[in-house]
Amino acid sequence: MKQSLVHIALVVNDYDEAIDFYTKKLKFILTEDTYLSETKRWVIVTPPGGGGASLLLAKASNLEQKSRIGNQTGGRVFLFLHTDDFERDFKNLLVHDINIINGPRDEIYGKVAVFEDLYGNQWDLIQPSRYK
């Protein structure tokens, strides 16, 4: 059996503002933007270099979903972004005024900093020890 995790749904307030943040500030690649109806799109952004899951940007369509924007995991780090060059990507976060929650710091598993996306979801930027 061979399986893989391909997309992670991320509830967003607006497709275009989310696309703008992920492609211009985090340097993700807009892999797909297909209109399914007047109000629904299939929007996928992928970290550069591939090799992992993509984000499916899912616009909240009701009050329940809107209540989850920015806090899909109850305040815990939600997504983990591995990098081969921590300094390059951390500087990119600073240049784009992305809110850094803590770090950078060295851990046994690598160098890490916690940051927030445009809605407040927490991410770990990690350069695993194997890249050091």
Side-chain angles (χ1 to χ4, degrees):
M1 177 187 298
K2 182 178 178 182
Q3 297 179 333
S4 60
L5 187 60
V6 220
H7 305 306
I8 298 168
L10 180 67
V11 182
V12 301
N13 186 53
D14 179 81
Y15 290 117
D16 293 320
E17 73 181 5
I19 290 169
D20 188 62
F21 176 84
Y22 287 102
T23 61
K24 292 182 180 168
K25 295 190 176 188
L26 290 188
K27 309 295 185 198
F28 282 30
I29 297 159
L30 179 60
T31 309
E32 185 172 353
D33 186 0
T34 302
Y35 286 76
L36 302 175
S37 71
E38 285 188 30
T39 59
K40 189 172 182 178
R41 289 157 63 181
W42 183 262
V43 178
I44 297 180
V45 293
T46 307
S54 299
L55 291 179
L56 171 65
L57 303 179
K59 184 177 177 184
S61 61
N62 59 45
L63 290 175
E64 179 76 16
Q65 292 174 12
K66 286 180 182 182
S67 74
R68 301 301 194 267
I69 295 173
N71 192 16
Q72 293 188 197
T73 57
R76 293 194 57 128
V77 170
F78 177 42
L79 297 163
F80 300 81
L81 183 61
H82 279 197
T83 180
D84 63 345
D85 188 337
F86 183 90
E87 295 306 321
R88 174 197 65 214
D89 293 338
F90 186 75
K91 284 179 188 173
N92 182 64
L93 297 177
L94 296 175
V95 164
H96 288 98
D97 295 320
I98 293 173
N99 189 34
I100 307 298
I101 302 296
N102 65 53
R105 65 184 191 279
D106 289 308
E107 296 289 348
I108 192 143
Y109 53 85
K111 191 162 196 161
V112 63
V114 180
F115 69 93
E116 288 181 332
D117 67 14
L118 75 163
Y119 298 116
N121 293 300
Q122 292 185 26
W123 290 63
D124 270 1
L125 174 66
I126 302 171
Q127 181 176 345
S129 298
R130 69 177 179 261
Y131 289 126
K132 288 185 174 182

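- Side-chain atoms of Asn92 come within 3.5 Å of backbone atoms of Lys25 as a donor-acceptor pair (strictly under, hydrogens ignored).
- With rounding to the nearest 0.5 angstrom, the CD1 atom of Ile126 is 9.5 Å from the CZ atom of Phe86.
- Summarising the geometry, atom CD1 belonging to Ile29 is positioned 10.5 Å from atom OG1 belonging to Thr23; distances are rounded to the nearest 0.5 Å.
- Phe21 and Leu30 fall within the same hydrophobic cluster, defined by Ile, Leu, Val, Met, Phe, Trp and Tyr side-chain heavy atoms under 4.5 Å apart, directly or through other members.
- Pairing each heavy atom of Phe90 with each of Gly103, the nearest pair is CZ-O, 4.5 Å.
- Atom CZ of residue Phe78 and atom CG of residue Asp124 lie 13.0 Å apart, to the nearest 0.5 angstrom.
- When all heavy atoms are compared, the tightest approach of Ala53 to Pro47 is O-CD, 3.8 Å.
- A side-chain donor-acceptor contact under 3.5 Å links Tyr15 to the backbone of Arg41.
- In terms of hydrophobic clustering, with Ile, Leu, Val, Met, Phe, Trp and Tyr side chains grouped at heavy-atom distances under 4.5 Å, Ile98 and Phe80 are assigned to different clusters.
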Could you walk me through whether Glu87 and Lys111 pass side-chain contact (heavy atoms from CB on, under 4.5 Å), step by step?
CA-CA 10 Å; Glu87 295 306 321; Lys111 191 162 196 161; 3.1 Å; yes
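- In this structure, the salt bridge (charged side-chain N to carboxylate O under 4.0 Å, His left out) partners of Arg105, at least two apart in sequence or on a different chain, are Glu107.
- Residues passing the salt bridge (charged side-chain N to carboxylate O under 4.0 Å, His left out) test with Asp14, sequence neighbours excluded: none.
- Put simply, the residue from Leu56, Asp33, Leu57 that forms a side-chain contact (heavy atoms from CB on, under 4.5 Å) with Trp42 is Leu56.
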Tell me, with the steps shown, if Leu55 and Leu79 meet side-chain contact (heavy atoms from CB on, under 4.5 Å).
CA-CA 10 Å; Leu55 291 179; Leu79 297 163; 3.9 Å; yes
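- Considering every non-hydrogen atom in both Ser129 and Ile108, the closest pair reads OG-O, 3.0 Å.
- Rounded to the nearest 0.5 angstrom, Leu93 CG and Leu26 CG are separated by 6.5 Å.
- Atom CG of Leu63 is surrounded by 12 or fewer heavy atoms from other residues, nucleotides or ligands within 6.0 Å.
- In this structure Glu38 satisfies the salt bridge (charged side-chain N to carboxylate O under 4.0 Å, His left out) test with no other residue, sequence neighbours excluded.
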side-chain contact (heavy atoms from CB on, under 4.5 Å) evaluation trace for Gln122 with Asn102:
CA-CA 11 Å; Gln122 292 185 26; Asn102 65 53; over 6 Å; no
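- With hydrophobic clusters built from ILVMFWY side chains whose heavy atoms lie under 4.5 angstrom apart, Leu118 does not share a cluster with Ile44.
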Go through it in stages, so that I can follow the logic: the residues are Gln72 and Tyr119, the test is side-chain hydrogen bond (donor to acceptor under 3.5 Å, both in side chains), and I'd like the CA-CA distance, side-chain angles, deciding distance and then a yes or no.
CA-CA 10 Å; Gln72 293 188 197; Tyr119 298 116; over 6 Å; no
Given Arg88 and Thr83, is the side-chain contact (heavy atoms from CB on, under 4.5 Å) satisfied, shown in steps?
CA-CA 9 Å; Arg88 174 197 65 214; Thr83 180; 3.3 Å; yes
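- The 12-atom threshold is not exceeded at NZ of Lys91, counting heavy atoms of other residues, nucleotides or ligands nearer than 6.0 Å.
- Between Phe28 and Tyr22, the ring planes lie tilted relative to each other; the angle falls in the 30° to 60° range.
- The shortest non-hydrogen separation linking Thr46 to Ser54 is OG1-OG, 2.9 Å.
- No single ILVMFWY cluster, assembled from side-chain heavy atoms under 4.5 Å apart, contains both Ile19 and Tyr35.
- Both Val114 and Tyr109 are assigned to one and the same hydrophobic cluster, defined by single-linkage of ILVMFWY side chains at heavy-atom distances under 4.5 Å.
- With a 4.5 Å cut-off on side-chain heavy atoms, Asp89 and Leu81 do not count as touching.
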